[in-house]
**Student:** 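First, the structure itself, so that you have it in front of you.
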Amino acid sequence: MLNPTRLVAARKRRGWTLTKLATETGLSRVSLSAYENQHQDPAPQTLANLAGVLGVSEAFLTADDLDEIPLESVSFRALSKMTARTRDRGLSSGRIAILINEWIEERFALPDPDVPSLTGRDPELAAQEVRARWGLGEQPIGNTVHLLEAHGIRVFSLTDDTKDLDAYCLNWHGQPFILLSREKSGERRRFNAAHELGHLVLHGEDKIPNGPDAEAEANQFAAAFLMPRAGVLAQGLTNASVHQVLEAKKRWSVAAMAMAHRANELGLMTEWAYRTVCVDLSRLGYRRCEPHGIPHESSMLLTKVMQQLRDNQSGLATIAADLGLTSAEVQAYMMGLTPLVVGGTSGSRTAGREGHLRVVENR
């Protein structure tokens, strides 16, 4: 029997309206509305048609209910300017990432969440507190994805059809998630990851993680988390030149503009010196992109999962078959996070908890 929540999720995942789905399937809007509102169950041939058009299996459409992600729990940026299509695709992508994570958690022991709730705290002080709690001192963070995973945050990629989103986070029944666009530079992705951590830390409990104030706070947190005050002050960046800013940005693995902004924020540069550096960086191309930037950070957790599945003659195809998705769909959530995604075969199933995945902090 068709599960309406699954049909709606699959449709929104494609960013389709009922009219679009009707066009693609040759079914009427009236019939589709009846299916989604559980007023009618489709014939077996119609169910197969729906599954094929939506790129999922019939098993996906008939499995247990999928609870929707509440919009107010997601850290979408510029939500008021976001189209319904982008919003729905983002929420549905998050729901698929949750399904993949649940599949993994049933088979592997993953780190428990260790994200402090510092709602209402000053972003700078909150970043210092998280750094102290996680034992980071004042040194640069080696790999933000490894660090987040070590503290129980699940990190996935945004898919190609959600390119309008830079990143977002959500807390699903106590489990924090961060989804990152793979279209951004390595430096930008690090800042986005720290930005979303800021939302998780600062905007828990009853505080909604979106809106101009929330975005400003998350940006302040990210800057302080990646470029700690004491560490930056020790670098001697008083009225720094472009060369000094570029050297500093290499140390902290951040964007050049972000490095200059942080130095100015900490009172190390006069407004004139800051504007001059920004103009010079812009001329060098650093406003549009990050020349000679760092590579994207990989996921230690997902890489280990795929390695162990491969060792058990399994892989993406197994996850996809169990969830009723295509291998390409599952792979999309790991692209840019795993150096090599192994397909495996669907003929072998993994059982039990196949390994205890321990992620060591990269300091």
Side-chain angles (χ1 to χ4, degrees), residues 75 110-155 167-169 171 174-178 180 186-205 207 209 213-237 245 247-268 294 296-301 358-363:
S75 64
L110 308 185
D112 293 326
D114 174 28
V115 181
S117 178
L118 303 175
T119 303
R121 194 72 57 87
D122 175 80
E124 181 91 25
L125 297 178
Q128 291 176 8
E129 186 166 337
V130 175
R131 270 186 158 267
R133 175 166 173 162
W134 289 359
L136 299 175
E138 301 295 333
Q139 299 303 308
I141 296 170
N143 184 311
T144 57
V145 174
H146 291 182
L147 178 65
L148 295 173
E149 291 178 331
H151 293 279
I153 300 171
R154 308 293 186 253
V155 182
Y168 73 83
C169 69
N171 199 311
Q175 176 59 60
F177 287 81
I178 290 178
L180 300 171
E187 291 88 347
R188 182 65 188 181
R189 285 226 310 187
R190 278 171 60 88
F191 194 90
N192 283 342
H195 175 102
E196 300 307 326
L197 174 61
H199 281 304
L200 292 171
V201 170
L202 298 170
H203 307 136
E205 300 171 11
K207 193 161 185 179
D213 291 343
E215 286 303 300
E217 290 171 354
N219 278 335
Q220 292 166 18
F221 176 95
F225 187 71
L226 293 176
M227 299 167 277
R229 176 185 293 270
V232 173
L233 291 178
Q235 280 195 269
L237 295 176
V245 169
E247 286 301 309
K249 79 94 144 186
K250 291 178 184 177
R251 171 172 172 76
W252 300 102
S253 297
V254 296
M257 286 293 189
M259 189 71 248
H261 184 273
R262 181 60 171 161
N264 183 57
E265 182 179 58
L266 294 175
L268 294 173
I294 62 174
H296 285 171
E297 297 174 341
S298 63
S299 161
M300 181 182 293
L301 189 152
R358 295 185 182 276
V359 184
V360 180
E361 280 185 15
N362 188 316
R363 300 183 183 178

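Note that these values count all heavy atoms, side chains included, but never hydrogens, waters or copies made by symmetry.
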**Student:** Could you measure the distance from the CD atom of Glu149 to the CD atom of Glu297? Nearest 0.5 Å is fine.
**Tutor:**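 These two atoms lie 10.0 Å from each other.
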**Student:** Please report the closest heavy-atom contact between Val201 and Ala126, naming both atoms and the distance.
**Tutor:** CG1-CB, 4.5 Å
**Student:** Is a salt bridge present between Arg190 and Glu187, judged by a nitrogen-to-oxygen distance below 4.0 Å?
**Tutor:** no
**Student:** Could you state the interatomic distance from NE2 (His151) to NE2 (His146), rounded to the nearest 0.5 Å?
**Tutor:** 13.0 Å
**Student:** Using modelled atom types only, decide if a donor and an acceptor are shared between the side chain of Trp134 and the backbone of Asp114 within a distance under 3.5 Å.
**Tutor:**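 Flag set: sc Trp134 to bb Asp114 pair under 3.5 Å.
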**Student:** Kindly determine whether Leu200 and Ile178 satisfy side-chain contact (heavy atoms from CB on, under 4.5 Å), including the steps that lead there.
**Tutor:** CA-CA 9 Å; Leu200 292 171; Ile178 290 178; 4.1 Å; yes
**Student:** Is there side-chain contact between Met259 and Leu237, with at least one heavy-atom pair below 4.5 Å?
**Tutor:** yes
**Student:** Once you measure the plane-to-plane angle for Phe221 and Phe225, does it fall in the parallel (<30°), tilted (30-60°) or perpendicular (>60°) bin?
**Tutor:** parallel
**Student:** Salt bridge check: are Glu196 and Arg154 linked by an N-O gap of less than 4.0 Å?
**Tutor:** no
**Student:** Nearest 0.5 Å, please: how far is OG in Ser298 from CG in Asn143?
**Tutor:** 6.0 Å
**Student:** Heavy atoms, side chains only, cut-off 4.5 Å: are His195 and Glu215 in contact?
**Tutor:** yes
**Student:** If we ignore hydrogens and angles and just use 3.5 Å, is the side chain of Arg131 paired with the main-chain N or O of Gln139 as donor and acceptor?
**Tutor:**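 Yes; at least one donor-acceptor contact below 3.5 Å.
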**Student:** Where do Ala223 and Glu265 come nearest, in terms of heavy atoms and distance?
**Tutor:** CB-OE1, 4.3 Å
**Student:** What is the minimum heavy-atom distance between Ala167 and Asn192, and which atoms define it?
**Tutor:**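 In this case the closest contact between Ala167 and Asn192 is CB-CB, 4.0 Å.
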**Student:** Give a yes or no answer on whether the side chain of Gln235 reaches the backbone of Ala248 with a donor-acceptor pair at less than 3.5 Å.
**Tutor:** no
**Student:** For a 4.5 angstrom cut-off between non-hydrogen side-chain atoms, does Glu129 reach Pro116?
**Tutor:**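 SC-SC contact between Glu129 and Pro116 ruled out.
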**Student:** Give the minimum heavy-atom separation between Ala193 and Leu148, together with the two atoms involved.
**Tutor:**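 Taking every non-hydrogen atom into account, CB-CD1, 3.9 Å.
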**Student:** Considering all heavy atoms of both residues, which atom of Ala214 and which atom of His199 are nearest to each other, and what is their separation?
**Tutor:**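 It is O-CE1, 3.6 Å.
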**Student:** Does any non-hydrogen side-chain atom of His296 lie less than 4.5 Å from one of Arg188?
**Tutor:** no
**Student:** Could you tell me whether the side chain of Gln175 reaches within less than 4.5 Å of the side chain of Pro113, counting heavy atoms only?
**Tutor:** yes
**Student:** Please test Glu138 against Gln128 for side-chain contact (heavy atoms from CB on, under 4.5 Å), starting from the C-alpha separation and ending with a verdict.
**Tutor:** CA-CA 9 Å; Glu138 301 295 333; Gln128 291 176 8; 5.9 Å; no
**Student:** Would you check if Val115 and Asn171 make a side-chain contact, meaning some heavy-atom pair closer than 4.5 Å?
**Tutor:** no
**Student:** Considering non-hydrogen atoms only, spot the tightest contact between Leu301 and Pro111 and give its length.
**Tutor:**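 Heavy atoms only, the tightest pair is CD1-CD, 4.1 Å.
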**Student:** Could you tell me the separation between the CG atom of Leu226 and the CG atom of Leu197, rounded to the nearest 0.5 Å?
**Tutor:**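 The CG atom of Leu197 is 9.0 Å from CG of Leu226, to the nearest 0.5 Å.
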**Student:** So how far is it from Leu110 CG to Ile153 CD1, rounded to the nearest 0.5 Å?
**Tutor:** 13.5 Å
**Student:** Tell me, do Phe191 and Thr144 make a side-chain contact under 4.5 Å, heavy atoms counted?
**Tutor:**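 No - every pair of side-chain heavy atoms lies 4.5 Å or more apart.
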